[in-house]
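Below is one structure; the comments refer to it alone.
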Amino acid sequence: MIWAIYVSDKPHSRINFPIGMSNGVWGVHDTKKDSISKVKVGDIVSFVYSISWLKAEGKPPRGFSRVSKENVHNFRGVVQQLITGKVTRSYYSSEAEVWPDDKYPHRFDFEIIERHEGGVYFGDEFFHNDFVEAVRYSACTQGSITPVSNIEQLTEIKVVEDNEEVSEEHSGHEGKPIWRLHKSRERDSKLVRKKKEEALKNAGKLECEVCQMDFEKTYGAIGYGFAECHHVNPLAFRNENEETKLKELAILCANCHRMIHRQKPWMSISELRKVYNEQNN
Ligand SMILES: [Zn+2]
Ligand SMILES: [Zn+2]
């Protein structure tokens, strides 16, 4: 059995969660005894610590992080930690002191087998639907130990394959979540429009920052206003104001944009420019 446990970022969790993780023990109050009492040796437990909405995706849904089952696709964002363990001792009851604020007497022991820290993109395009649903349910019920239905193997809660414009070029260094984030920002039409307006105002044309190709010059009227925007820093996304966001977009032609993403890690604008100039001079 695989279990999902959501832990929200509250002052007591900030103390209790690391204690539980380093001691390999998890416990709950009487009210949650039912769910935890089914946890057995060999089961997998997946702790998801604190989800926050990704600002790059716009305004969070109302009442986030509690979303209804129908809106499970909104249960998405960045989680601070995702820690997976294997249960080493089935459910037991103990009053032995582990946590400073309370007993949490209904417990199981586990050993950590996988640990992801520092921001993991979470949502149904990154993880199996049933896993996302279990984590959502756990989040809505103050951390119930929730069985992940239909999933028997840990490997099944890995990132799911998505079918949208992800080729093998993009499955490496940056990984799909970063790629998805990157594309979503380049698709941010309002920002892209502003970037192009800015470039048109300053230079009077939309020119590729690498090869200087200008769609209007090459294709005439149908090329007017056409260019791609590349997001220079895929990992900077928190608390950005619009001005910073605009600075992080580069105007590229379609070819140069493809070339920049061909190498892992992605090349910088100046690196590709150097390559381009060496080839063409
Ligand atoms: Zn170009
Ligand atoms: Zn790009």
Side-chain angles (χ1 to χ4, degrees), residues 53-58 76-78 118-123 125-126 159-281:
W53 183 258
L54 200 55
K55 281 187 179 154
E57 298 200 290
R76 49 191 285 110
V78 184
V120 179
Y121 296 102
F122 193 84
E125 81 253 59
F126 304 133
V159 174
V160 284
E161 293 297 314
D162 57 45
N163 45 23
E164 192 200 324
E165 59 178 327
V166 178
S167 66
E168 81 280 359
E169 286 169 39
H170 305 124
S171 55
H173 186 271
E174 284 79 14
K176 283 175 185 159
I178 305 287
W179 172 248
R180 292 295 296 257
L181 175 70
H182 180 81
K183 293 318 281 180
S184 80
R185 312 180 94 198
E186 292 179 347
R187 259 188 252 116
D188 183 340
S189 53
K190 197 177 122 213
L191 213 56
V192 167
R193 202 182 61 231
K194 279 208 163 162
K195 178 72 186 180
K196 289 184 184 175
E197 278 168 11
E198 194 187 68
L200 273 169
K201 207 175 82 192
N202 295 340
K205 56 189 173 185
L206 277 181
E207 204 178 64
C208 173
E209 292 181 27
V210 171
C211 71
Q212 275 112 51
M213 194 268 193
D214 174 346
F215 282 90
E216 191 189 13
K217 209 169 141 196
T218 307
Y219 299 102
I222 54 161
Y224 177 78
F226 188 86
E228 293 195 5
C229 275
H230 169 67
H231 197 277
V232 177
N233 184 358
L235 286 174
F237 55 85
R238 281 184 195 146
N239 308 316
E240 281 176 354
N241 59 31
E242 191 149 272
E243 205 182 324
T244 323
K245 283 182 186 166
L246 284 177
K247 280 204 190 99
E248 290 194 335
L249 287 176
I251 305 275
L252 292 180
C253 75
N255 284 344
C256 291
H257 197 185
R258 290 304 291 268
M259 289 303 114
I260 249 180
H261 286 296
R262 219 171 135 73
Q263 234 185 41
K264 292 179 278 272
W266 301 337
M267 293 171 108
S268 68
I269 302 283
S270 59
E271 279 166 344
L272 186 64
R273 199 181 286 138
K274 196 163 160 256
V275 169
Y276 180 86
N277 289 337
E278 275 167 11
Q279 282 298 311
N280 289 279
N281 287 333

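Residues take their numbers from the sequence shown, with the count starting at 1. For ligands, and for the atoms within them, numbers begin at 1 and follow the listed sequence. Just the heavy atoms: all of them, side chains too, but no hydrogens, waters or symmetry mates, feed the values below.
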- Can you measure from NE2 (H230) to CD1 (I251) and round to the nearest 0.5 angstrom? 12.0 Å

- Parallel, tilted or perpendicular: ring planes of F215 versus Y219, cut at 30 and 60 degrees: parallel

- Query: Heavy atoms, side chains only, cut-off 4.5 Å: are V275 and M259 in contact?
  - Reply: no

- Query: How far apart are the closest heavy atoms of K195 and C229, and which atoms are they?
  - Reply: CG-SG, 3.8 Å

- Salt bridge E197-K201, side-chain N to carboxylate O under 4.0 Å: no

- What do you reckon, is NZ of K194 surrounded by more than 12 foreign heavy atoms closer than 6.0 Å? no

- Query: Looking at the Zn ion (ligand 2), which N/O/S atom of H230 is the nearest one?
  - Reply: ND1

- Please confirm if an N, O or S atom belonging to H231, backbone or side chain, lies less than 2.8 Å from the Zn ion (ligand 2). no

- Query: Ignoring water, what protein N, O or S atoms are under 2.8 Å from the Zn ion (ligand 1)?
  - Reply: C208 SG, C211 SG, C253 SG, C256 SG

- Item | Side-chain heavy atoms of I269 within contact of L252, under 4.5 Å | yes

